[in-house]
> 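The structure's right below; bear with me while I get my questions together.
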There are 2 protein chains.
Amino acid sequence: MSGTIRLLLADDQALVRGALSALLGLEPDLEVVAEVGAGDEVVPAALEHRPDVALLDVEMPRMDGIEATAALRVALPTTRVLVVTTFGRPGYLRRAMQAGASGFVVKDTPAAQLADAVRRVHAGLRVVDPALAADSLAAGESPLSNREAEVLRASRGGAPVAAVARQLHLSEGTVRNHLSAAIGKTLAANRTEAVRIADDNGWL
Amino acid sequence: MSGTIRLLLADDQALVRGALSALLGLEPDLEVVAEVGAGDEVVPAALEHRPDVALLDVEMPRMDGIEATAALRVALPTTRVLVVTTFGRPGYLRRAMQAGASGFVVKDTPAAQLADAVRRVHAGLRVVDPALAADSLAAGESPLSNREAEVLRASRGGAPVAAVARQLHLSEGTVRNHLSAAIGKTLAANRTEAVRIADDNGWL
DNA sequence: TGAGCCGCCTGACAATTGTCACGCCGGACC
DNA sequence: GGTCCGGCGTGACAATTGTCAGGCGGCTCA
């Protein structure tokens, strides 16, 4: 293990990616060796540059940061993953940890703490925002069944029941029923509200 | 005019704010003199630190970046404003320019270009992503009437007609009618879709 | 094996949403 | 003045959405 920690940065917004690179580059013991803008570029870049720690955003095109975490753990088990995200959704945290992430940081945290988080992750420790961990525990597992989640996902853009039914090869009655169950479980009054709530909790 | 350009940074995400500060701090001719995390802190901080250029995010709590732009132009007309945003919504661009912004940059742009954008704005030039400008021109003004936009805003979270009607002191029939008109104008099939489209275009 | 539970599927019915025709008012134009 | 808009407000009606009762199959557990 050399003196500097090698980093891979993944974020779909080039400006943010570059800014994070500048921020971490100020630390003498950190070195950014690769930057990518999409989830499916993470593993190839990691294989080429062999980073010690990968900072992955959750919201990315083609493959999200959580899938990328899982793929990276398989391809390069020695590289540790620190997930960095805009939204502190309980489900994101739980799923990221299950996928093998070592840490989870929201973009609200002070800039000064990021370098420390990287060092801790590199040292083998787990880094999780305590407040977020509490939320995650409180929210618990998704109460939605597979079909319910699937129907909610298909309804995201406000698609009518008929379209969802065709897409999933179900009768309209079935779709309405799953939707109704999801509305009940999310304590919503609407499909629209149900989608919002499920999304906010990272259940979709 | 001194040798260095004094900057104010406003972004609600502390990590991004700090990272941008690090990025711009690398440039010898730029100096970050103030950082804030909410729109209503922009003017007080600007009055205290007298920046040459203010970088404002659009998405901020309490007061958004566009309102903050307008307020800053009134309070400190010599400070130029560069709006930096996650979403390249045509309406955002138009409204930001009307509010007196000198430039508009989305967070997708390469990090290397940001410092240049700042220098150009400081020099009195306007900085706008050409592709975004074309979109803005194509999308044009909002086709929605005041009431229609108001009803759409109130329907955002998926609130039922009855609730919207109470909130705006209208009959349910009226609310449904405005909603119907909005659905027609946005070429949507739903109120949900109409809200999404209007939001994406920055019409709300 | 059989009872109980759960996820999934479906159609009938009630509630909500979207459409339409209409009336009212104020501003632009002749 | 008169006419022609456009935005706004309203209720009746049609279409969509949400609820409910019930059927089917797989799984667990006694």
Side-chain angles (χ1 to χ4, degrees), chain A residues 91 94-95 98 139-204, chain B residues 91 94-95 98 139-204:
Chain A
R94 188 174 38 69
R95 278 157 49 204
Q98 277 177 1
E141 284 277 329
S142 168
L144 302 173
S145 78
N146 284 350
R147 275 306 208 192
E148 285 157 5
E150 200 171 355
V151 170
L152 274 189
R153 269 195 298 276
S155 302
R156 261 194 179 131
V161 170
V164 176
R166 265 197 309 280
Q167 189 189 330
L168 302 182
H169 305 292
L170 292 173
S171 113
E172 301 197 5
T174 305
V175 172
R176 274 201 288 276
N177 194 28
H178 285 309
L179 239 15
S180 182
I183 289 169
K185 288 178 179 177
T186 54
L187 307 178
N190 271 324
R191 86 176 61 187
T192 307
E193 214 180 331
V195 167
R196 191 177 52 69
I197 292 172
D199 226 345
D200 284 353
N201 285 43
W203 292 339
L204 299 188
Chain B
R94 189 174 38 69
R95 278 157 48 203
Q98 277 176 2
E141 284 278 327
S142 168
L144 302 173
S145 77
N146 284 350
R147 274 308 207 195
E148 285 157 4
E150 199 171 357
V151 169
L152 274 189
R153 270 194 299 275
S155 302
R156 261 193 177 133
V161 170
V164 176
R166 264 197 310 281
Q167 190 188 329
L168 301 182
H169 305 292
L170 291 173
S171 116
E172 301 197 6
T174 305
V175 171
R176 275 201 288 277
N177 193 29
H178 285 309
L179 238 16
S180 182
I183 289 169
K185 289 179 180 178
T186 53
L187 307 178
N190 272 329
R191 85 176 62 185
T192 307
E193 215 181 329
V195 167
R196 190 177 52 68
I197 293 171
D199 226 345
D200 284 353
N201 285 42
W203 292 338
L204 298 188

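Quick caveat, the model's predicted, so the values are computed rather than measured. Here is the naming used below: chain letters follow the sequence lines, and residue numbers restart at 1 for every chain.
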> Return the set of residues passing salt bridge (charged side-chain N to carboxylate O under 4.0 Å, His left out) with A:Glu193 (not counting sequence neighbours), or none when no residue passes.
none
> Tell me, do A:Leu152 and A:Trp203 make a side-chain contact under 4.5 Å, heavy atoms counted?
no
> CG/A:Asn146 to NE2/A:His178 distance, rounded to the nearest 0.5 angstrom?
10.0 Å
> Quickly work out the B:Asn146 CG to D:dC8 C1' distance and round it to whole Å.
11 Å
> I need the A:Ile197 CD1 to A:Leu204 CG distance, nearest 0.5 Å.
11.0 Å
> Distance check needed: D:dT10 C1' versus B:Leu168 CG, whole Å only.
16 Å
> Could you go through nucleotides 17-19 of chain C and list every protein N or O atom that sits under 3.5 Å from one of its N or O atoms, giving the distance for each pair?
unit_1: C:dT17; atom_1: OP2; unit_2: B:Val161; atom_2: N; d: 3.2
unit_1: C:dT17; atom_1: O5'; unit_2: B:Arg191; atom_2: NH2; d: 3.3
unit_1: C:dT17; atom_1: O3'; unit_2: B:Arg191; atom_2: NH2; d: 3.3
unit_1: C:dG18; atom_1: OP1; unit_2: B:Arg191; atom_2: N; d: 3.1
unit_1: C:dG18; atom_1: OP2; unit_2: B:Arg191; atom_2: NE; d: 2.8
unit_1: C:dG18; atom_1: OP2; unit_2: B:Arg191; atom_2: NH2; d: 2.5
unit_1: C:dG18; atom_1: N7; unit_2: B:Arg176; atom_2: NE; d: 3.4
unit_1: C:dG18; atom_1: O6; unit_2: B:Arg176; atom_2: NE; d: 3.2
unit_1: C:dT19; atom_1: OP2; unit_2: B:Ser180; atom_2: OG; d: 2.8

> Does B:Thr174 place a side-chain N or O at less than 4.0 Å from the phosphate oxygens OP1/OP2 of D:dC8?
no
> Using salt bridge (charged side-chain N to carboxylate O under 4.0 Å, His left out) as the criterion, list what pairs up with B:Arg95, not counting sequence neighbours.
none
> What protein N or O atoms touch nucleotides 23-25 of chain D N or O atoms at under 3.5 angstrom, if any, and at what distances?
none

> When you check the gap from the basic side-chain N to the acidic O, do B:Arg147 and B:Glu150 get nearer than 4.0 Å?
yes
> What is the distance, rounded to the nearest whole Å, between atom CD of A:Glu150 and atom C1' of C:dC9?
14 Å
> What pairs of residues pass the salt bridge (Lys or Arg N to Asp or Glu O under 4.0 Å) test when at least one of them lies in residues 178-192 of chain A, not counting sequence neighbours?
A:Glu148-A:Lys185
> Using atom types as modelled, flag every donor-acceptor pair under 3.5 Å from a side chain in residues 156-170 of chain A to any protein atom, sequence neighbours excluded.
unit_1: A:Arg156; atom_1: NE; unit_2: A:Asp199; atom_2: OD2; d: 3.3
unit_1: A:Arg156; atom_1: NH2; unit_2: A:Asp199; atom_2: OD1; d: 3.1

> Does a side-chain N or O from A:His178 land closer than 4.0 Å to OP1 or OP2 of C:dC9, or not?
yes
> In whole angstrom, give the distance that lies between atom CD of B:Glu148 and atom C1' of D:dG6.
11 Å
> C:dC6 phosphate, OP1 or OP2: any side-chain N/O from A:Ser145 under 4.0 angstrom?
no
